Protein chains: 2
Amino acid sequence: MESHAVIRALGALAQEHRLAVFRLLVQAGPDGLPAGALSEAVGLPASSMSFHLAQLSHAGLVGQRRQGRSIIYSADFAAMNALMAYMTENCCGGAPCVTATACC
Amino acid sequence: MESHAVIRALGALAQEHRLAVFRLLVQAGPDGLPAGALSEAVGLPASSMSFHLAQLSHAGLVGQRRQGRSIIYSADFAAMNALMAYMTENCCGGAPCVTATACC
DNA sequence: CCAATAATTCGATAAATATCGAAATATAGA
DNA sequence: TCTATATTTCGATATTTATCGAATTATTGG
């Protein structure tokens, strides 16, 4: 993962509503959630949510697919994995920041 | 780690120059580096670097100590650890995003 | 085909961020 | 004590980000 992509991903998560959305999508798993459900859950108007979803999407952290009238968003676990790997490698002094007990 | 602190930490790292600075500090280890050295390494005027260091400091990701005329900054590995733990717990679906091979 | 639903795009605006030079603060050494 | 060095704070400005309602696009069901 390039540092430019890392910065974009970190920036995407560094916002109250977007972090909340991403956590919801992680909980929801591969099935994901429609934009409207996220909008309602977070308590933002649809247009604002659309803005945030675009940021997450542009950062590669979420995928989207259409299902009827709805657009379903889901967390991209591979992208999150890559981000965590970069952070572990470059920001934790080589040794993993997350201790073995938490990890294994 | 609270989500507010997480957002602040992510935001602190989500910037080209600050990510570069933090990586340098991680490399430097506990000894850290003086503000001037960071300023020169990254290629920013001292006042700009001071702004970025304040952000990292406010986010709790770096510590600082005075040594003579210089102020030495160093990465706060415990804070980074806490950030990684939060991400692993809340953004990776419980299972660690960093694979066992990379971690153990 | 038309009305209703789900989302996005568009404008406009407010707020936060990044940048830099100049001025101020603190420390060390002659 | 004065001067030089290291850094921060201040003030000004440009850019980016977040917000919302209104208008637009896409899809479904009658």
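All values below were derived from every heavy atom in this structure, side-chain atoms included, with hydrogens, water molecules and symmetry-related copies excluded. Remember, predicted model here, so these are calculated numbers, not experimental data. Below, read A as the first sequence line, B as the second, and so on, with proteins coming before strands; counting in each chain starts at 1.
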So, does [X] use its side chain to make a donor-acceptor pair with the main chain of [Y] at under 3.5 Å?
X      : Y      : answer
R18(A) : A20(A) : no
T88(B) : M84(B) : yes
R8(A)  : A59(A) : no

Practice problem: Measure the CD-CZ distance between E89(A) and R23(B) for me, rounded to the nearest 0.5 Å. | Solution: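 Going from CD on E89(A) over to CZ on R23(B), the span is 9.0 Å.
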Between [atom2] of [N] and [atom1] of [X], the distance in whole Å:
X      : N       : atom1 : atom2 : answer
Q67(A) : dT5(C)  : CD    : C1'   : 15 Å
E16(A) : dA15(C) : CD    : P     : 16 Å
I72(B) : dT5(D)  : CD1   : P     : 18 Å
Q64(A) : dA26(D) : CD    : P     : 14 Å
L33(A) : dA7(C)  : CG    : P     : 11 Å
L53(B) : dT8(D)  : CG    : P     : 6 Å
L44(B) : dT17(C) : CG    : C1'   : 14 Å
L10(B) : dT17(C) : CG    : P     : 14 Å

Does [N] have OP1 or OP2 sitting under 4.0 Å from an N or O in the side chain of [X]?
X      : N       : answer
H52(A) : dT17(D) : no
R66(B) : dT27(C) : yes
Y73(B) : dT8(D)  : yes
Q15(B) : dT19(C) : yes
S48(A) : dA18(D) : no
S47(B) : dT9(D)  : no

Quick check for you: among [options], whose closest atom lies nearest to any side-chain atom of [X]?
X      : options                   : answer
A35(A) : dA6(D), dG29(D), dA7(C)   : dA7(C)
P34(A) : dT7(D), dA18(C), dA7(C)   : dA7(C)
R69(A) : dT5(D), dT27(D), dC20(C)  : dT27(D)
I71(B) : dA4(D), dA6(C), dT8(D)    : dT8(D)
F51(B) : dA18(D), dA28(C), dT19(C) : dT19(C)

Practice problem: Let me know, please, whether G68(A) or A54(B) comes out on the 5' side of the other along DNA chain D by nearest nucleotide. | Solution: A54(B)
Practice problem: Indicate, with a heavy-atom threshold strictly under 4.0 Å, whether A46(A) touches base, sugar-phosphate, or nothing. | Solution: base
Quiz item: Looking for any heavy atom pair under 4.0 Å, which part of the strands does S50(A) touch: base, sugar-phosphate only, or nothing?
Solution: base
Practice problem: Please lay out, stage by stage, how L25(A) and L38(A) fare under the test side-chain contact (heavy atoms from CB on, under 4.5 Å). | Solution: CA-CA 9 Å; L25(A) 291 179; L38(A) 293 169; 4.1 Å; yes
Quiz item: Can you check whether V26(B) reaches M80(B) side chain to side chain, under 4.5 Å on heavy atoms?
Solution: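 No; the side chains remain at least 4.5 Å from each other.
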